[in-house]
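Following: one structure in structure tokens, then a few remarks.
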Amino acid sequence: MTGLRGVLFVGLPVAVILGFWLLARWEYRRSRDSHRLSFVARNGWPVAAFVVAAVGFWALVMIVLPQLYMVDFSLHPKLPPSQRGGPRDIYTLENYRYFLFGSTRSTASWNVTHITAFWLTIAVSMCITVLNFVICYPLAYFMAQVGTGSQVRKLMLLLIIPYWVNELLRAFAFNILFGTSGVLNVILLRTGVIASPIDFIGQDIALYCGLTYAYLLVMMFPLYNALESLDHNQIEAARDLGAPWWHVHLHVVMPFAKPGIASGCTLVFMLCAGALAAPLVLGGPKTLWFTPIVYDRFYQAFNWNQGAAYAIVLLLTCILFVMMVMRVFRVSLSEITR
């Protein structure tokens, strides 16, 4: 077991460094074949070496090694510190079995609560992603293709200023806004729209609204960046040929903005699925959200091994979603991250 762990924690970082080196060589050969200056030729060896070292260090220390520790934790049983590394400290899938069946030994029944929370989190995150796109696309199109410079600056300022407030404080503000005695219920009661307060928090309406609002800018900026580079003459040409407005957007604007749409969708989905502050503050007593369950595995049950397994399941699902988005929009990873 110790030997396998050593291979993982030494071999994989070496593989990452080798991967960066191969990418650099590939970029150099491609630029040489296309008669373009490579990154090294344009910037010199000192700058190129610094960039490769900085990116490699960031990838290793902040991404690869923490995830490796999480994977390693998830494949070990929960043991007292004195027994770790002993004969009982073996590689096992019992933590993943617990996620599926609610037990490390029995498989008689499914772990309905945790599985339901997991799939509900994934489904709601997808719906919030679509809703964010519906809200942000018209705004991004107006800012990129229609609005004047002054209008764009004012609208951008109005979008950014609320995000100067901490995310946790915004969540508490939404809690006050949607509470049974909150601002929204008071307005609806005084105007006679409702006869009794609506439990927005218990019905998860506050949570969904808070998550939608929290990641608007994450969708807005990739869309705006993609639409801003679209030649307006293409839109005018489509209109001159008699295309209706929906046809212009569906067959001209959106295909051009596919990288921005894919980037915004993946970011919103991953942030929403991994959100913790909003579900804890805006969730009701019967709210099912997966990240608080992961948090409880770590800090309430004090079972870091199960928590790591739950986190890995969520991570793999998010990676599959990114791959699905790339497949649907037919874009590469380099186009999404552009």
Side-chain angles (χ1 to χ4, degrees), residues 99 111-137 139 158-191 193-221 264-301 306-307 310-311 313-315 317-318 321:
F99 168 72
N111 188 359
V112 177
T113 302
H114 291 180
I115 294 176
T116 302
F118 174 76
W119 288 116
L120 180 65
T121 300
I122 298 301
V124 171
S125 298
M126 288 183 178
C127 293
I128 290 175
T129 300
V130 174
L131 180 60
N132 269 15
F133 173 74
V134 172
I135 295 173
C136 292
Y137 178 80
L139 290 174
L158 290 175
L159 288 170
I160 292 176
I161 284 178
Y163 288 85
W164 291 355
V165 181
N166 182 272
E167 180 182 357
L168 189 60
L169 295 179
R170 293 201 307 269
F172 278 109
F174 267 78
N175 188 290
I176 296 172
L177 180 66
F178 285 96
T180 52
S181 58
V183 177
L184 189 57
N185 267 313
V186 169
I187 293 175
L188 294 175
L189 287 170
R190 291 184 178 179
T191 54
V193 177
I194 57 175
S196 59
I198 300 175
D199 188 7
F200 291 110
I201 295 178
Q203 297 177 13
D204 292 336
I205 297 175
L207 172 60
Y208 301 156
C209 290
L211 289 173
T212 301
Y213 175 76
Y215 305 118
L216 278 176
L217 289 187
V218 180
M219 178 69 76
M220 174 66 71
F221 285 136
C265 288
T266 54
L267 288 172
V268 171
F269 173 82
M270 295 180 74
L271 290 173
C272 187
L276 180 62
L280 288 177
V281 176
L282 297 175
K286 297 182 180 179
T287 298
L288 287 177
W289 201 261
F290 193 64
T291 45
I293 295 176
V294 179
Y295 178 86
D296 289 341
R297 294 294 96 191
F298 279 104
Y299 296 108
Q300 298 297 327
Q306 280 185 11
Y310 279 40
V313 170
L314 183 61
L315 174 64
T317 306
C318 290
F321 178 82

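As a basis for the values below, the full set of heavy atoms in this structure was taken, side chains included, without hydrogen atoms, waters or symmetry mates. Just so we're clear, the structure is a prediction, and the values are computed from it rather than from any experiment.
With a 4.5 Å cut-off on side-chain heavy atoms, Leu217 and Leu159 count as touching. Between Trp289 and Val124, some side-chain heavy-atom pair lies under the 4.5 Å cut-off. Proximity of Tyr208 to Leu131: side-chain heavy atoms (C-beta onward) are nowhere separated by under 4.5 Å. Looking only at side-chain heavy atoms (C-beta outward), Thr121 and Thr291 stay at 4.5 Å or farther from each other.
Side-chain N/O atoms of Thr180 and Asn185 include no donor and acceptor closer than 3.5 Å.
Using cut-offs of 30° and 60° for the angle between ring planes, the Phe133 and Tyr137 rings count as tilted. Ring geometry, Phe290 versus Phe99: the interplanar angle exceeds 60°, so the pair is classed perpendicular (tilted spans 30 to 60°).
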**Message:** Between Ile176 and Phe172, is the side chain to side chain contact (heavy atoms under 4.5 Å, CB included) condition met? List the steps.
**Reply:** CA-CA 6 Å; Ile176 296 172; Phe172 278 109; 5.5 Å; no
**Request:** Could you walk me through whether Met270 and Tyr215 pass the side chain to side chain contact (heavy atoms under 4.5 Å, CB included) test, one step at a time?
**Result:** CA-CA 10 Å; Met270 295 180 74; Tyr215 305 118; over 6 Å; no
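To the nearest 0.5 angstrom, Asn132 atom CG is 5.5 Å from Thr212 atom OG1. The CG atom of Asp204 lies 7.5 Å from the CG atom of Leu120; values are rounded to the nearest 0.5 Å. In this structure, the separation between CD1 on Ile115 and CG on Leu288 is 12.5 Å, given to the nearest 0.5 Å. Taken to the nearest 0.5 Å, the CH2 atom of Trp119 stands 6.0 Å off from the OG1 atom of Thr317. Annotation: the span from Leu184 atom CG to Phe178 atom CZ amounts to 6.0 Å, rounded to 0.5 Å. Leu276 contributes atom CG, which lies 9.5 Å from atom CD of Glu167 (distance to the nearest 0.5 angstrom).
Nearest heavy-atom pair, Leu168 versus Asn166, reported as atom, atom and distance to 0.1 Å: N-OD1, 2.7 Å. The shortest non-hydrogen separation linking Gly202 to Asp199 is N-OD1, 2.9 Å. Of all non-hydrogen atoms in Thr129 and Met219, the two that sit nearest each other are O-CE, 3.6 Å. The nearest pair of heavy atoms linking Val186 to Ser181 is CG2-O, 3.9 Å. The minimum heavy-atom distance linking Leu282 with Asn175 is given by the pair CD2-N, 3.4 Å. Nearest heavy atom pair, residue Ile194 against residue Pro197, reads CD1-CA, 4.2 Å.
Side-chain atoms of Thr191 come within 3.5 Å of backbone atoms of Leu188 as a donor-acceptor pair (strictly under, hydrogens ignored).
Two rings, from Tyr213 and Tyr163, have their centers less than 6.0 Å apart.
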